[in-house]
Peer 1: 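Can you read through this structure? Questions will come right after.
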Amino acid sequence: MAGLKLSAVRKAYGATTVLHGIDLDVADGEFVVFVGPSGCGKSTLLRSIAGLEEITGGAIAIDGADVTHLPASERGLAMVFQSYALYPHMSVYANMAFALENMGFKRDEIDKRVRRAAEMLRLTDYLERKPRALSGGQRQRVAIGRAIVRDPKIFLFDEPLSNLDAELRVATRKELAALHGEIGGTMIYVTHDQVEAMTLADRIVVLRAGRIEQIGTPLELYNRPDNLFVAGFIGSPRMNLLPGRVTAAGKVALGEGGHEIACATGDLAAGAPVTAGIRPEHLELAPEGQGLPLTIELVERLGGESYLYGSAAGLPQITLKLDGQSEHERGHSVPLAFPQQKLHLFDEAGQAIRP
Amino acid sequence: MAGLKLSAVRKAYGATTVLHGIDLDVADGEFVVFVGPSGCGKSTLLRSIAGLEEITGGAIAIDGADVTHLPASERGLAMVFQSYALYPHMSVYANMAFALENMGFKRDEIDKRVRRAAEMLRLTDYLERKPRALSGGQRQRVAIGRAIVRDPKIFLFDEPLSNLDAELRVATRKELAALHGEIGGTMIYVTHDQVEAMTLADRIVVLRAGRIEQIGTPLELYNRPDNLFVAGFIGSPRMNLLPGRVTAAGKVALGEGGHEIACATGDLAAGAPVTAGIRPEHLELAPEGQGLPLTIELVERLGGESYLYGSAAGLPQITLKLDGQSEHERGHSVPLAFPQQKLHLFDEAGQAIRP
Amino acid sequence: QTTVRIAWYSDGNEGEVLADLLKRFEAGNKDIKVVLDQVPYKAITENLPVQLASGQGPDIARVVDLGGVARYALDMRPYLKDASYWEKNFGPFLPWMRPEGDSSAITGFMTQLTVTGPFVNKTLFEQAGTPLPGPKATWEEWGKAVKDVAAKVKAPFPLAMDRSGHRFFSVAVSEGAKVFDDKGEPAVIDEGFKRGAKLVYDWHQNGTMAKELWGSVSGTAYRGANDEFKNAQVVMYQSGSWQIAQFDKTVGDAFDWVAVPSPCGAGGCSPMPGGAGLVAIKTTKSPEAVAKVMDYLASEPVLSEFYARSLFVPGHLGIAAKGLDYAGATPQGKAALKVFSDQVAQISPAAYKLQGYANNRVIFNAVISRLGQAISGEGSLDDAYKRIESDVAQQIAERKK
Amino acid sequence: MASAETNPRRDGAGAAGTLAAPLALVMRLVDWPMRALQRLIGERRMAYVFILPNLAFFSLFVFLPLVINFVFSVTGGAGLFPSERPYVGAQQYAYLFDCGSFLDPSSCREDHFWRGVYNTARFTVFQVTAMVLFSLLTAVVLNMKIRGRGFFRAVYFFPVLLSPVVVALTWKWILQRDGLLNAALTSLGGERILFLVDPSWAMFWIVFVSVWAHMGFYTLILLAGLQAIPADLYEAAEMDATPRWRMFWRITLPLLWPNMIVVIVLALIKGVQTFDEVFVLTGGGPGTATLMIVHYIYETAFANQVQNFGLAAAASVVLGVVLFALTLAQLAASRRKGAA
Amino acid sequence: MSLVTKLATARRKPGRWHWTDIAAYAYLALGVVLMFGPVLWLGMSSFKTQAGLLEFPPSLLPMSQKEVTVPGQSQPLPLFEVTMPDGTKRVLAQVRRIGIQAQMIDPANPGETIRVPIEGRVPVREFKLATENYTEPLERFAFTRFLWNSVFVTLIATIITLIINSMAAYALSIYEFRGKTAVMLMVVGTLMIPITIILVPVYLVITKLGLVNSLWAVILPGAATPTGVFLLRQYMLTLPRDLIEAARMDKASEWQIYWRIVMPLAMPALAVLAIFSIMWRWNEFLWPLAVLTKTESYTLQIGLNAFQGELQTQWHYLLAMTVVTLLPVALVFVFLQRFITTGIANTGMK
Ligand SMILES: Nc1ncnc2c1ncn2[C@@H]1O[C@H](COP(=O)(O)OP(=O)(O)OP(=O)(O)O)[C@@H](O)[C@H]1O
Ligand SMILES: Nc1ncnc2c1ncn2[C@@H]1O[C@H](COP(=O)(O)OP(=O)(O)OP(=O)(O)O)[C@@H](O)[C@H]1O
Ligand SMILES: [Mg+2]
Ligand SMILES: [Mg+2]
């Protein structure tokens with residue numbers, strides 16, 4: 001187990017720069033998740049850490065030792081690929097033993113380790129099978145097993161669950177959390193699934209176009225996004241982001257309608273254009289006659305909760321989440337209240353205004 | 001636009017029967033969704049309706065006319081495939097025009113129809129592109145456009161959104177709902193996505209191993225599942241299903257611990273084994289010292305809501321959904337209350353006991 | 001122990017016979033091991049020259065292109081037991097195997113002297129009720145007679161002639177072709193040649209000859225009609241002495257066949273001589289041993305046995321003079337062998353000269369190739385004449401470079 | 001049991017059978033020096049180590065001979081070693097291209113070369129056309145849901161494994177005057193046809209035999225292409241009420257096109273190279289009606305008494321240039337497909 | 001073409017016979033006859049006697065004339081069915097033939113001689129395999145020696161080819177390195193050079209290496225086949241990159257990745273190359289003929305062709321020996337058949 005330190009890591013393919021100087025400290029035993037939109041460089045960063053890509057600039061240190069120019073095979077890391085990359089011609093056992101053989105372990109030591117990992121992952125019955133005779137979830141576990149047996153300094157995961165179906169994804173996610181609890185290794189995990197990131201991470205790193213937007217615990221990101229991008233990216237359904245304008249300290253007028261809400265505006269002068277953000281689950285229904293009137297365009301009732309999509313003059317579509325099975329119908333108008341303590345405000349550059 | 005009537009539709013591949021007599025009436029303009037676990041025969045049923053599979057028994061009538069032995073090309077239906085099945089060598093325009101050309105339409109009529117559909121689907125700018133130059137969502141729209149231009153009697157969809165990523169899926173789902181509102185055609189839609197089924201359907205047909213388990217509106221299925229299967233299948237996260245035993249009329253003891261809850265038991269005699277079901281969102285925290293004590297094993301905080309997974313003596317893992325960011329931690333014990341009106345009870349055969 | 005390797009191709013059973021004889025030699029000469037490498041004929045014509053040119057050849061080789069290989073031949077004279085025996089018995093043939101400009105070397109002997117000549121299906125003549133033309137009959141007369149017979153008995157090949165330079169020149173020389181000018185340089189196209197060529201060309205035009213042999217392949221490829229003759233589809237087959245063994249074995253008593261003397265023309269009644277020589281190769285490491293083997297094989301009793309068992313016309317004057325008893329042959333075969341042996345005396349000087357000419361294959365190949373084209377309708381005879389002359393000139397020029 | 005599975009022998013070799021065990025051992029022993037080497041020169045430069053053996057063989061037995069061949073083509077005489085051959089410059093090429101009119105081979109100095117060129121061109125065009133049509137037809141039939149598909153595929157592929165000489169011999173035995181085909185013809189009351197003596201028939205039959213022998217290979221390529229066409233496209237087309245013929249022209253053919261290009265180019269290249277089969281079957285005849293370029297080269301270099309390596313080499317250089325162009329065309333075509 | 005269109009798009013329902021099915025089966029049946037027929041015919045012909053081979057019309061099965069031993073005759077006599085002048089038919093044995101008359105006797109009644117015109121007799125024949133077509137040449141030549149040489153050449157050459165070609169293909173498909181394009185161009189450029197046209201230069205190289213008459217002279221020159229490199233490379237390009245990277249993460253050396261990961265996964269392509277290599281090597285004729293001149297180094301193809309003389313070809317032997325050399329190909333075909341169809345389809349010969 002080991003810590004990891006990235007200093008100004010840059011990566012360019014020819015003329016296009018994919019990573020623009022990434023700085024990151026990962027503590028020993030920490031579970032760090034990279035999220036970000038497709039193509040933002042998550043995989044590239046992970047592969048650079050692994051040594052599968054040569055970085056263009058900066059340095060990578062594992063446990064204090066510089067590994068920037070070490071080939072992948074000598075960094076002592078383990079990686080779980082999105083495709084699992086199991087050796088299709090080898091049995092599960094051989095798949096797990098392969099790395100140990102390469103490292104020159106004795107036959108009985110190999111056997112001991114493989115069996116222990118197999119037991120932990122409930123794979124003991126499948127050791128003789130070839131990967132193609134396994135289900136998706138089992139394959140995924142073999143891929144993890146292959147990483148575990150080596151007792152690596154750091155585990156790297158590149159969207160390991162994205163090939164599983166919804167139900168299995170949930171189950172495996174929970175297993176992964178349990179596993180981290182059990183072996184406690186340093187783990188770096190790439191995903192674009194909200195829920196995975198929120199539930200697994202000690203810390204989340206939000207990437208965008210090769211730059212880090214914010215680093216923090218899941219709830220920090222949810223509760224206090226640093227900027228518009230993070231605010232929009234974290235949370236599902238997306239936060240409602242409504243353009244507005246500061247009318248006075250503590251007052252923001254929304255959209256063209258100019259509906260005024262109370263909101264901490266920090267140092268912003270009156271007239272400054274801002275964006276007010278509020279999550280669908282935080283919007284409340286105001287008492288009749290007050291609040292912003294919202295004309296409902298679509299109602300989705302999922303049983304346990306309902307989503308209302310509606311429009312208000314001069315504002316983008318607003319999503320509202322209600323518990324239970326809402327009675328509202330398309331065409332109804334409901335008054336919206338914006339609870340002040342749940343509001344987020346962003347300045348013209350998209351930076352959060354902290355109260 | 002037309003109605004559809006299936007009478008005792010059977011389908012067998014050699015010795016294995018895939019559909020065991022399906023009866024279904026779809027009204028003109030209705031949006032019907034087929035759901036069910038993988039391999040239950042959803043696609044087969046849809047393809048049988050389309051005429052791509054010859055059925056082994058029963059009859060299919062469209063608008064009252066028997067089409068059982070008509071080939072697909074003469075049934076006048078349109079289908080959107082999971083893979084979209086766009087002709088890769090033809091432009092978007094040609095893809096949409098292909099069917100019309102086959103049907104012998106005049107050139108300007110074709111042009112008119114294609115352009116109208118393209119407009120409706122916001123594809124006008126892409127008409128000259130080949131499918132490979134389109135994004136996933138655009139391709140999906142082309143596939144729908146190809147169906148629309150023909151003005152078919154019924155639209156058939158086989159998991160049309162499953163190849164899209166999460167965000168796009170949500171957006172397209174809403175578009176589909178809007179489209180149905182606009183053109184109002186009869187639509188039959190296969191999915192295994194809970195949310196799609198709940199939000200799009202007028203009625204949902206739950207299939208299991210080639211048989212219909214229940215037909216009803218989404219909320220009917222959510223609120224009043226006919227049996228254990230539907231109860232477990234509809235709703236996410238799954239309903240907690242807890243084995244128990246009737247101790248007296250209106251009383252059920254759960255698991256080995258024998259925690260007793262109040263519940264309408266219908267005609268069941270004391271001692272009858274039952275399953276009690278309650279959805280994670282309906283479980284409540286009881287006042288301290290009362291209720292079933294649940295030891296928390298895992299907490300997932302998603303920001304707007306939290307899931308608690310815990311165990312109680314002799315019962316399977318119980319999931320509990322709480323609004324907001326729960327303070328509970330792993331290892332804590334919380335007391336559970338089972339609100340009677342939210343409880344579902346199923347007899348030994350899995351049939352719901354209606355109060 | 002020295003090893004002597006012989007590269008040998010076979011048409012019939014001569015390989016077996018030789019192997020037999022060599023075994024006896026080895027028994028008497030423990031210090032010499034003789035290995036007989038039996039190869040396809042193709043290896044001798046196409047690969048042996050390359051091998052010899054690169055110094056990789058065998059010690060002894062059975063070759064047909066005597067003039068071509070002569071450059072690589074070993075003069076065994078210093079090593080032979082009795083050179084005069086060789087001169088006496090192989091005299092006329094020794095020059096064939098000598099390098100150009102050499103007039104004394106002894107490089108090998110003829111394993112077989114071939115003489116071209118026609119075989120006739122006598123039974124077909126009988127069935128047609130046509131008498132056989134006499135011994136001095138001309139080619140024209142034969143042509144008419146066989147056409148007549150074929151028409152009566154519905155044989156598809158009145159006259160067949162191997163697609164080969166030797167066979168053609170047996171006609172051309174009889175018609176008076178001289179082939180060389182006074183200086184000894186090739187002058188292939190003369191009146192005699194043209195008469196012969198016209199004859200063959202016309203035969204193809206009027207159906208006396210079928211296009212299948214001369215017209216069916218290109219270039220220098222050989223085609224024979226022995227299979228068709230055996231199948232009684234050929235009335236007269238202009239081939240040569242080497243066919244006897246085969247006919248003897250495979251025709252059986254299906255019909256009567258006879259060899260007849262070479263027909264005549266304006267230039268006489270000469271057949272073409274030819275054959276395969278066994279030649280010692282210069283690059284050998286042990287010329288003494290080679291000479292010893294050759295001496296053994298050329299010795300009269302051994303060679304007699306060889307000729308007799310393989311049913312070859314002897315290329316040894318002494319044996320020829322004595323006459324050979326072909327013990328294994330049927331009366332028909334014996335008769336035919338006699339006819340051919342007698343024909344040796346009829347060979348004209350022009351024919352000898354052509355056979356002895358080092359580059360004779362250049363001439364043969366050009367003639368076959370170009371005449372074949374004319375016969376199959378690609379160009380006229382005159383075109384063919386021009387091409388033959390230029391082909392010959394070109395290749396000889398290339399060789400001299 | 002588990003350790004047996006991990007034994008590299010089992011992993012490494014598969015079908016190679018008994019040879020596998022010693023081979024695996026050798027390979028394992030090779031690993032030590034290889035690992036050391038890798039440490040020395042780095043991971044990426046190992047590529048050179050892997051390419052080296054093949055490159056060495058290649059240079060020695062292909063590239064060097066090609067160079068020697070070129071040297072032959074600019075020298076003359078009958079000598080075998082380049083040192084024995086006088087330099088003649090472009091003379092051999094001049095001979096080849098010494099023509100009154102390129103359209104009339106008989107006006108050329110090397111008329112057989114030009115006949116070879118025209119015959120080869122004609123043969124190639126016919127052969128490619130027939131090859132494409134029949135392998136397409138066969139692939140389409142084999143792509144149907146047919147019982148015993150594997151067997152039939154094997155049947156059509158089987159002649160590909162025969163050597164050209166066997167192929168030619170087999171058919172010669174059928175086509176000659178007294179062959180099977182004429183026997184059938186005469187027993188049906190027809191006249192014998194001299195298939196290999198009539199120029200048009202001869203050309204027909206060499207095309208036929210060539211298609212017979214190689215069709216299986218191209219069929220497999222097309223079959224792979226057909227199978228790569230997603231079935232749901234046909235279903236979509238069916239839903240679109242597409243008539244059958246239109247499905248073939250508008251869907252099957254366009255989507256099969258990349259494979260068709262491969263087939264066309266490969267067949268083209270093979271056609272230009274044709275030699276053995278035709279040589280044994282017709283010997284280039286009747287006359288020179290089926291004389292191919294390679295046959296000309298062979299004959300010039302070997303069959304003539306004066307083996308004219310220089311002229312043959314010049315002709316082969318010309319042929320090589322043509323083949324190289326065709327190969328590049330194939331590459332370009334497949335590139336374009338790759339981009340597609 | 002309309003047949004093609006129908007066939008191309010035929011999607012039939014199970015259990016129903018569309019006319020295209022019938023057409024397809026008919027076409028396939030024709031295919032079986034056309035593809036197997038000629039070779040079968042060759043095989044059967046190889047069992048005919050030299051005379052039987054030439055007869056017209058040819059008999060389907062190897063037949064030969066029946067013979068009887070008749071008392072008083074030293075040799076067995078051939079049997080004929082004879083149409084007598086009165087129209088009756090009798091089976092008679094022929095004693096001799098003189099011109100167009102044959103002297104015959106009735107085997108049952110050997111005393112009486114009957115004269116028959118030769119057109120009036122038809123040979124009585126029986127089924128008989130002329131196995132001597134096989135045994136004679138095999139006895140005459142050092143068959144086992146040739147066989148061993150052929151097997152040795154074929155196997156060793158194939159192994160070398162597989163190894164060095166796959167190594168090169170591995171380098172060309174997995175790595176980026178300087179000079180890669182040049183190497184690729186060289187491979188592709190020579191893909192289509194027929195050996196016939198560089199026979200002499202290669203011979204010179206072999207001579208200089210002193211390999212003439214060694215089996216290595218046959219094995220080595222063809223080992224670095226451009227076709228093999230190309231085919232294997234195309235296949236390896238389809239292997240997932242992830243596997244190789246996973247192996248690197250697993251601390252495998254490059255050699256191990258090649259040998260333990262890439263090779264097993266390239267098995268279908270290797271099998272195809274193996275099949276082709278075996279065929280090429282086994283059937284090779286022109287080249288061994290040029291470099292092998294000693295009996296003890298002959299391969300089967302040369303050894304068994306030695307009865308092709310200048311003036312005569314002994315067809316019965318030639319056919320029989322052709323069949324002999326065909327057998328291993330047939331075996332290879334039977335065993336590796338399943339790889340052929342999948343292999344070529346996937347080797348991206350596209
Ligand atoms: N070999 C390459 N050459 C050039 N550009 C590349 C290469 N590999 C990746 N890129 C580019 O680098 C960027 C980052 O790619 P990367 O795979 O890291 O994205 P990602 O965040 O993992 O996306 P996803 O969520 O889709 O997996 C992309 O824009 C991609 O196009
Ligand atoms: N051609 C076929 N032959 C035999 N069985 C088949 C065939 N096609 C489908 N089946 C079987 O029919 C059953 C139903 O398949 P179907 O594709 O309709 O399932 P599905 O509900 O669409 O599943 P999914 O959600 O995975 O798409 C499956 O068990 C499948 O194995
Ligand atoms: Mg990625
Ligand atoms: Mg399905």
Side-chain angles (χ1 to χ4, degrees), chain A residues 37-38 162 165-168 170-171 173-178 181 192-201 217-225 232-239 279-283 297-307 309 317 319 321-326 330 342, chain B residues 37-38 135-136 162 165-168 170-171 173-178 181 192-201 217-223 225 232-239 279-283 297-307 309 317 319 321 323-326 330 342:
Chain A
S38 188
S162 61
D165 69 24
E167 200 165 339
L168 203 50
V170 173
R173 189 180 80 211
K174 289 196 282 180
E175 278 174 23
L176 255 179
H192 55 229
D193 183 295
Q194 287 281 334
V195 182
E196 275 171 40
M198 295 299 284
T199 56
L200 287 173
T217 66
L219 293 182
E220 266 169 29
L221 297 186
Y222 179 88
N223 296 330
R224 294 159 51 82
F233 193 80
I234 299 285
S236 168
R238 301 185 74 208
M239 181 186 282
R279 300 196 183 273
E281 55 269 37
H282 296 152
L283 275 172
E297 288 170 338
L298 179 68
V299 182
E300 291 182 350
R301 297 184 195 85
L302 303 187
E305 59 209 31
S306 305
Y307 295 103
Y309 303 94
Q317 192 178 53
T319 309
K321 179 180 170 191
L322 298 176
D323 273 352
Q325 296 158 14
S326 164
R330 195 174 168 203
K342 299 290 190 191
Chain B
S38 189
S135 74
S162 62
D165 69 24
E167 199 165 339
L168 204 50
V170 172
R173 189 180 79 210
K174 288 196 283 182
E175 276 173 25
L176 255 180
H192 55 229
D193 183 296
Q194 287 281 332
V195 181
E196 275 170 41
M198 296 298 285
T199 56
L200 288 173
T217 66
L219 293 182
E220 264 168 31
L221 298 186
Y222 179 86
N223 295 331
F233 193 81
I234 299 286
S236 169
R238 300 185 74 208
M239 182 187 280
R279 300 195 183 275
E281 55 269 36
H282 295 152
L283 275 171
E297 289 170 336
L298 180 67
V299 182
E300 291 181 349
R301 296 183 196 86
L302 303 186
E305 58 209 31
S306 306
Y307 295 103
Y309 303 92
Q317 191 177 55
T319 309
K321 178 180 170 189
D323 273 353
Q325 296 159 15
S326 165
R330 194 173 168 207
K342 299 290 189 189

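Please read all numbers here as calculations on a predicted model, not as lab measurements. Residue numbers start from 1 in every chain, and the chains themselves are labelled A, B, ... in the order their sequence lines are given, proteins ahead of strands.
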Peer 1: Tell me which of these, B:P280, B:P237, B:G304, B:S38, has more heavy-atom pairs under 4.5 Å with chain A than the rest.
Peer 2: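 Sorted descending by pairs with chain A, the first entry is B:G304.
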
Peer 1: Using non-hydrogen atoms only, which part of B:D193 is less than 4.5 Å away from chain A: side chain, backbone, both, or neither?
Peer 2: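 No part of it gets close to chain A.
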
Peer 1: Under a 4.5 Å heavy-atom cut-off, does chain B meet the side chain of A:E220, its backbone, both or neither?
Peer 2: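 Neither part.
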
Peer 1: Pick one of side chain, backbone, both or neither for B:L302, based on which atoms fall under 4.5 Å of a heavy atom in chain A.
Peer 2: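 Both backbone and side chain.
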
Peer 1: Please look at B:E300 and chain A and tell me whether the side chain, the backbone, both or neither of the residue comes under 4.5 angstrom of a heavy atom of that chain.
Peer 2: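 Contact with chain A is through both the backbone and side chain of B:E300.
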
Peer 1: Rounded to the nearest 0.5 Å, what's the gap from CZ on B:R173 to CG on A:L298? Could you check?
Peer 2: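 Reported value, rounded in 0.5 Å steps: 8.5 Å.
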
Peer 1: Can you tell me which portion of B:E196 sits under 4.5 Å from chain A's heavy atoms? Options are side chain, backbone, both or neither.
Peer 2: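 No part of B:E196 comes within 4.5 Å of chain A.
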
Peer 1: Where does B:R301 contact chain A at under 4.5 Å (heavy atoms): side chain, backbone, both or neither?
Peer 2: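 It is both, since atoms from each part get that close.
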
Peer 1: Out of A:E297, A:M198, A:R330, return the one with the most heavy atom pairs under 4.5 angstrom to chain B.
Peer 2: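 Max contact count across the listed options: A:M198.
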
Peer 1: Under 4.5 Å heavy-atom distance to chain B, tell me which part of A:Y309 shows up: side chain, backbone, both or neither.
Peer 2: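 Only the side chain of A:Y309 comes within 4.5 Å of chain B.
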
Peer 1: Count the heavy-atom pairs under 4.5 Å between each of B:V170, B:N223, B:L219 and chain A, then report the option with the highest count.
Peer 2: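 Of B:V170, B:N223, B:L219, B:L219 has the most heavy-atom pairs under 4.5 Å with chain A.
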
